[in-house]
Undergrad: 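What follows is a single structure, and I will ask about it in a moment.
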Amino acid sequence: MEETKITPEQQAFNEAGEFIDKYYQAYSSVLTPYKKNIKEWNKDYNCIPTKRTYGLANTFVPESFIAIETVVADLVSLILGYDPPFIGAEVPEEYMEHKKLMERLMWQLMLDGEFKRKTIRYIRGLSIDGIKPCYAFFNEEKKTVKDKLRGEDGKFTIKEVEKTVKMFPDFESPDIIDTFFDPMTHELKGCLLQWKVDWPKIKGLAKQGRIKEDLLDSIKDAAVSTGADNEKQIKDAKFQEMGFEKTKSVETEYLLRVFFGDIPAWWIKPELKDEESGKDMVTGE
């Protein structure tokens with residue numbers, strides 16, 4: 001019987017999964033009590049009574065809601081009160097017009113990526129939960145377009161090529177329920193973010209260059225079970241208390257994990273697997 005050969009890319013994928021799962025197991029039990037408190041804080045924000053002595057009053061006088069929204073409004077005004085809400089690096093006077101044009105262009109690209117909506121949601125989640133992870137990256141959108149190319153003979157031909165049509169700074173803020181970290185430190189190192197996503201989302205991330213396309217087959221074989229776990233139960237309960245009923249999806253789910261920390265260099269560049277430099281621990285994501 002012929003033995004299936006595992007490529008360096010697949011081996012790196014498998015070893016990385018086992019390595020990251022150790023962090024998940026270590027942090028999951030430690031953070032469970034804190035994440036249960038989040039459930040109560042969201043009840044207060046949504047004016048759902050939790051205590052007999054004070055809950056009824058909070059229903060008619062939504063003090064928690066008013067306090068949170070007051071803070072959110074002030075922070076949103078402070079951060080997004082300017083247009084654009086950032087200033088580029090200093091340049092010589094003769095390039096000031098170019099600088100202003102670049103700032104406007106970058107701001108428009110960020111608006112196309114729903115930056116304002118994401119920022120407001122992030123601030124609101126931070127105000128309710130007390131802590132809110134933020135995952136920043138450059139969003140790169142690629143498309144297959146028809147381009148006119150000149151050959152060696154000087155003649156032009158029309159060919160389909162993949163080009164970057166849009167690139168701008170972006171961020172995602174996963175729910176704190178889906179975040180695992182060392183509660184004794186505020187450093188990003190060792191932090192683990194995870195989402196349960198469907199296949200179109202995975203393919204979209206590959207098109208953005210955030211997932212290697214040659215790993216798609218390995219990822220497709222790693223669909224997670226849709227069975228309920230402790231984290232999922234807490235999250236579902238949180239949605240139900242907010243008035244949302246979640247229906248069972250017929251789509252296959254995939255567990256997407258983002259780890260911030262030191263990893264072997266060959267996990268990033270599989271061609272270094274048999275090299276001495278491939279054993280070096282480097283900061284990756």
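For the single chain, residues carry numbers from 1 onward in sequence order. All figures in this text were calculated on a predicted structure; none of them were measured in a lab.
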Undergrad: With no hydrogens and no angle check, is any side-chain donor or acceptor of Tyr122 less than 3.5 Å from a backbone partner on Lys132?
TA: yes
Undergrad: State plainly whether one hydrophobic cluster holds both Ile38 and Ile131, where clusters connect Ile, Leu, Val, Met, Phe, Trp and Tyr through side-chain heavy atoms under 4.5 angstrom apart.
TA: yes
Undergrad: In terms of heavy-atom contacts, does CD1 of Ile87 have more than 12 from other residues, nucleotides or ligands at under 6.0 Å?
TA: no
Undergrad: Apply side chain to side chain contact (heavy atoms under 4.5 Å, CB included) to the pair Val72 and Leu126, showing each step before the final yes or no.
TA: CA-CA 9 Å; Val72 170; Leu126 177 64; over 6 Å; no
Undergrad: Could you pull out all residues at least two apart from Phe138 that satisfy ring pair (Phe, Tyr, Trp, His ring centres under 6.0 Å)?
TA: none
Undergrad: Look up atom CG in Asn139 and atom CG in Leu109, then write down how far apart they are to the nearest 0.5 Å.
TA: 10.0 Å
Undergrad: Show the atom names and distances, to 0.1 Å, of all donor-acceptor pairs under 3.5 Å that link a side chain in residues 268-278 to residues at least two apart or in another chain.
TA:
none

Undergrad: Identify the heavy atoms of Ser64 and Asp44 that sit nearest to each other, and give their distance.
TA: CB-O, 3.5 Å
Undergrad: Taking side chain to side chain donor-acceptor pair (under 3.5 Å) as the test, write out the residues that go with Lys118, two or more places apart.
TA: Asp170
Undergrad: When hydrophobic residues are tied together by side-chain contacts of less than 4.5 Å, even through go-betweens, does Leu78 share a cluster with Phe86?
TA: no
Undergrad: Restricting to ring pair (Phe, Tyr, Trp, His ring centres under 6.0 Å), what partner residues turn up for Trp41, sequence neighbours left out?
TA: Tyr34
Undergrad: Would you name the heavy atoms of Leu192 and Tyr24 that are closest together and state the gap between them?
TA: CD2-CB, 3.8 Å
Undergrad: Kindly give the heavy-atom pair with the smallest separation between Ser127 and Ile68, and that separation in Å.
TA: O-CD1, 3.2 Å
Undergrad: May I ask you to list the residues sharing a hydrophobic cluster with Val91, side-chain cutoff 4.5 Å, ordered by chain and number?
TA: Tyr95, Met96
Undergrad: May I have all residue pairs that pass salt bridge (Lys or Arg N to Asp or Glu O under 4.0 Å) and include part of residues 20-31, sequence neighbours excluded?
TA: Asp21-Arg257
Undergrad: When you measure from the side chain of Glu160 to the backbone of Thr144, do you find a donor-acceptor pair of N or O atoms at a distance under 3.5 Å?
TA: no
Undergrad: Looking at CE of Met102 and NE2 of His98, how far apart are the two atoms once the value is rounded to the nearest 0.5 Å?
TA: 10.5 Å
Undergrad: For a 4.5 angstrom cut-off between non-hydrogen side-chain atoms, does Leu256 reach Leu193?
TA: no
Undergrad: Does anything in residues 65-88 form a side-chain hydrogen bond (donor to acceptor under 3.5 Å, both in side chains)? List the pairs, not counting sequence neighbours.
TA: Tyr45-Glu69, Glu69-Arg124, Asp83-Arg104, Asp83-Trp107
Undergrad: Evaluate side chain to side chain contact (heavy atoms under 4.5 Å, CB included) for Phe180 paired with Lys35, printing each intermediate quantity in order.
TA: CA-CA 10 Å; Phe180 302 88; Lys35 292 184 177 182; 3.4 Å; yes
Undergrad: Among all residues two or more places apart in sequence or in another chain, which pass the ring pair (Phe, Tyr, Trp, His ring centres under 6.0 Å) test with Phe181?
TA: none
Undergrad: Is there a side chain to side chain contact (heavy atoms under 4.5 Å, CB included) between Thr119 and Phe171 once you walk through the steps?
TA: CA-CA 9 Å; Thr119 300; Phe171 74 92; 3.8 Å; yes
Undergrad: Do Glu40 and Lys36 have side chains that get closer than 4.5 Å, going by heavy atoms?
TA: no
Undergrad: Please enumerate all residues that pass side chain to side chain donor-acceptor pair (under 3.5 Å) together with Lys163, with sequence neighbours excluded.
TA: Asp147
Undergrad: Do Val30 and Ile177 share a hydrophobic cluster (ILVMFWY, side-chain heavy atoms under 4.5 Å, transitive)?
TA: no
Undergrad: Of the non-hydrogen atoms in Pro169 and Met106, which two are nearest, and what is the gap between them?
TA: CD-SD, 3.1 Å
Undergrad: Quick one: side chain to side chain donor-acceptor pair (under 3.5 Å) partners of Asp112, sequence neighbours excluded?
TA: Gln108
Undergrad: Could you tell me if the side chain of Ile202 sits less than 4.5 Å from the side chain of Val197, heavy atoms only?
TA: yes
Undergrad: Under the side chain to side chain donor-acceptor pair (under 3.5 Å) rule, collect the residues that match up with Gln11, sequence neighbours excluded.
TA: Glu15
Undergrad: Applying salt bridge (Lys or Arg N to Asp or Glu O under 4.0 Å), can you list everything that pairs with Lys201, at least two apart in sequence or on another chain?
TA: Glu172
Undergrad: Hey, are the side chains of Val282 and Trp267 touching, using non-hydrogen atoms and a 4.5 Å cut-off?
TA: no
Undergrad: In the structure I gave you, are the side-chain heavy atoms of Ile79 and Ile123 within less than 4.5 Å of one another anywhere?
TA: yes
